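The block underneath contains the structure these notes are about, expressed in structure tokens.
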Number of protein chains: 2
Amino acid sequence: MKYSYADYVPLFKAFADETRLKIVDLLTCGEMCACELLENFNITQPTLSYHMKILSDSGIVKGRRNGTWMYYSNNGEVIDNISNLLFEIRSNKDKCMSKDDGNIQCSRKCCTEAGPPNK
Amino acid sequence: MKYSYADYVPLFKAFADETRLKIVDLLTCGEMCACELLENFNITQPTLSYHMKILSDSGIVKGRRNGTWMYYSNNGEVIDNISNLLFEIRSNKDKCMSKDDGNIQCSRKCCTEAGPPNK
DNA sequence: CCGTTATATAGATAATTGTCTATGCTATTA
DNA sequence: TAATAGCATAGACAATTATCTATATAACGG
């Protein structure tokens with residue numbers, strides 16, 4: 001695993017807001033201009049700009065200027081990165097990111113003496 | 001799509017923290033007790049308890065008590081829910097969640113007169 | 001029962017976040 | 001070049017978050 005946890009935090013943070021989730025979902029239909037996006041929310045223009053900056057900075061969304069208009073679209077590659085992480089987590093295995101850095105074998109009572117039944 | 005954006009927000013929020021990401025990654029290796037998890041961080045026990053509550057409440061992690069010890073493991077089904085959403089977003093198509101609720105056709109200059117080239 | 005161990009809760013606090021209004025910047029157009 | 005339209009930035013502010021210390025609760029062992 002080449003990425004660290006910290007690298008994924010901004011991505012999950014970008015998705016951790018109802019407005020931004022709806023923005024990304026709207027962009028699923030294709031590229032949209034900022035003014036069109038704005039019509040779908042009860043927020044002010046600066047607030048939308050704030051959200052678009054978070055989505056752009058994280059790489060989830062790509063921005064393109066055409067004159068005075070800004071067009072936004074989803075960035076599939078970055079979304080794939082998140083999917084890949086979830087896939088790694090989903091497939092229970094013996095090599096988590098942390099295990100690469102050292103031994104996480106537990107020597108406490110809870111893991112040896114009685115032992116966790118579900119292991 | 002049966003879920004709304006708001007349903008996913010707590011899930012992404014749960015992942016939007018470096019400590020919690022590491023916890024989930026550690027649990028990829030299998031079930032672990034709280035005390036064992038704690039040894040992997042420079043945080044206090046109440047702080048770990050706080051994080052485990054967020055992960056448990058969101059459904060990402062399952063908790064199981066055995067005497068005084070708490071054992072935690074990942075909940076694959078909930079993680080799959082997030083993966084499915086990302087898959088929907090990834091596959092650009094003509095039916096986003098919002099489109100089900102109404103028309104998002106844009107009648108502004110930016111989308112008609114000049115028109116967005118990349119469409 | 002009483003002490004110990006593991007975990008959870010309460011309260012405090014500094015940092016971050018999402019929103020607004022006001023304003024600045026940039027590009028098109030008259 | 002002056003006015004306008006679209007978007008970004010600055011500053012203010014209330015709400016949320018992540019962390020700590022202190023304390024409570026729960027379960028086991030003697």
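Every chain is numbered from 1 and lettered A, B, ... according to where its sequence line falls, protein lines coming before strand lines. Treat the numbers as computed from the prediction; the structure is a model and nothing was measured.
Each of A:R20 and B:A34 has a nearest nucleotide on DNA chain C; the 5'-most of these lies closest to B:A34.
A:V24 and A:L55 get closest at one heavy-atom pair: CG2-CD2, 3.9 Å.
Protein atom CZ of A:F15 is 18 Å distant from nucleotide atom C1' of C:dG18, rounded to whole Å. The separation between A:M70 atom CE and C:dC25 atom C1' is 14 Å, rounded to whole Å. Atom pair B:D17:CG and D:dA18:C1' shows a separation of 7 Å (rounding to whole Å applied). Atom pair A:M32:CE and D:dC7:C1' shows a separation of 16 Å (rounding to whole Å applied). Atom C1' of nucleotide C:dT17 and atom CD1 of A:I43 are separated by 14 Å, given to the nearest angstrom. As a whole-Å value, the separation of A:K13 NZ from C:dT16 C1' is 7 Å. In this structure, the CZ atom of B:F41 is 12 Å from the P atom of D:dC20, given to the nearest Å. Remark: C1' of C:dG18 and CG of A:L21 are 15 Å apart, rounded to the nearest angstrom.
Residues B:M52 and B:R20 have side chains not in contact (no heavy-atom distance under 4.5 Å, counting atoms from C-beta outward). Using a 4.5 Å cut-off on side-chain heavy atoms (C-beta onward), B:R90 and A:D80 make contact. Side-chain contact between A:K13 and B:K13 is absent, with no heavy-atom pair separated by less than 4.5 Å. For the pair A:T47/A:T19, no side-chain contact is recorded, criterion being any heavy-atom separation below 4.5 Å from C-beta on. Side-chain contact check for A:I23 versus A:L27: some heavy-atom pair is nearer than 4.5 Å.
Using bins of under 30°, 30° to 60° and over 60° for the plane-to-plane angle, the ring pair A:F12/B:F12 lands in the tilted bin.
With respect to the salt-bridge test (charged N to carboxylate O, under 4.0 angstrom), the residues A:E31 and A:R64 qualify.
Among the atoms of the strands shown, only primed sugar atoms or phosphate atoms (P, OP1, OP2) are found under 4.0 Å from some heavy atom of B:Y72.
When B:N74, B:I54, B:N75 are each tested for a side-chain contact (heavy atoms from CB on, under 4.5 Å) with B:V61, only one passes: B:N74.
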message = Dot-bracket for DNA chain C, please. Rules: Watson-Crick or G-U, both distances under 3.5 Å, ( ) within the strand, [ ] when a pair crosses earlier ones, | for another strand, . otherwise.
response = ||||||||||||||||||||||||||||||
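In the model, A:Y5 has a side-chain atom that pairs as donor or acceptor with a side-chain atom of B:D25 under 3.5 Å. With hydrogens and angles left out, the side-chain atoms of A:D7 and A:S4 include a donor and acceptor closer than 3.5 Å.
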Which atoms of nucleotides 22-24 of chain C (N or O only) lie under 3.5 Å from a protein N or O atom, and what are those distances?
none

Table of protein N/O atoms under 3.5 Å from nucleotides 24-30 of chain D N/O atoms:
none

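The side chain of B:T44 sits closest to D:dT21 out of C:dC20, D:dT21, C:dT9. Closest to the B:W69 side chain, of the nucleotides C:dT19, C:dA6, C:dA8, is C:dA6.
Only B:Y50, B:H51, B:I54, listed by number, bring a heavy atom of residues 50-59 of chain B to less than 4.0 angstrom from any atom of DNA chain D.
Linking Ile, Leu, Val, Met, Phe, Trp and Tyr residues whenever their side-chain heavy atoms come within less than 4.5 Å places B:I43 and B:L21 in a single cluster.
Listed by chain and number, the residues in a side-chain contact (heavy atoms from CB on, under 4.5 Å) with A:S58 are A:L11, A:A14, A:I60 (sequence neighbours excluded). Annotation: side chain to side chain donor-acceptor pair (under 3.5 Å) contacts of A:S56 (sequence neighbours excluded): none.
Within the 4.0 Å cut-off from OP1 or OP2 of C:dG18, not a single side-chain nitrogen or oxygen of A:T47 is found.
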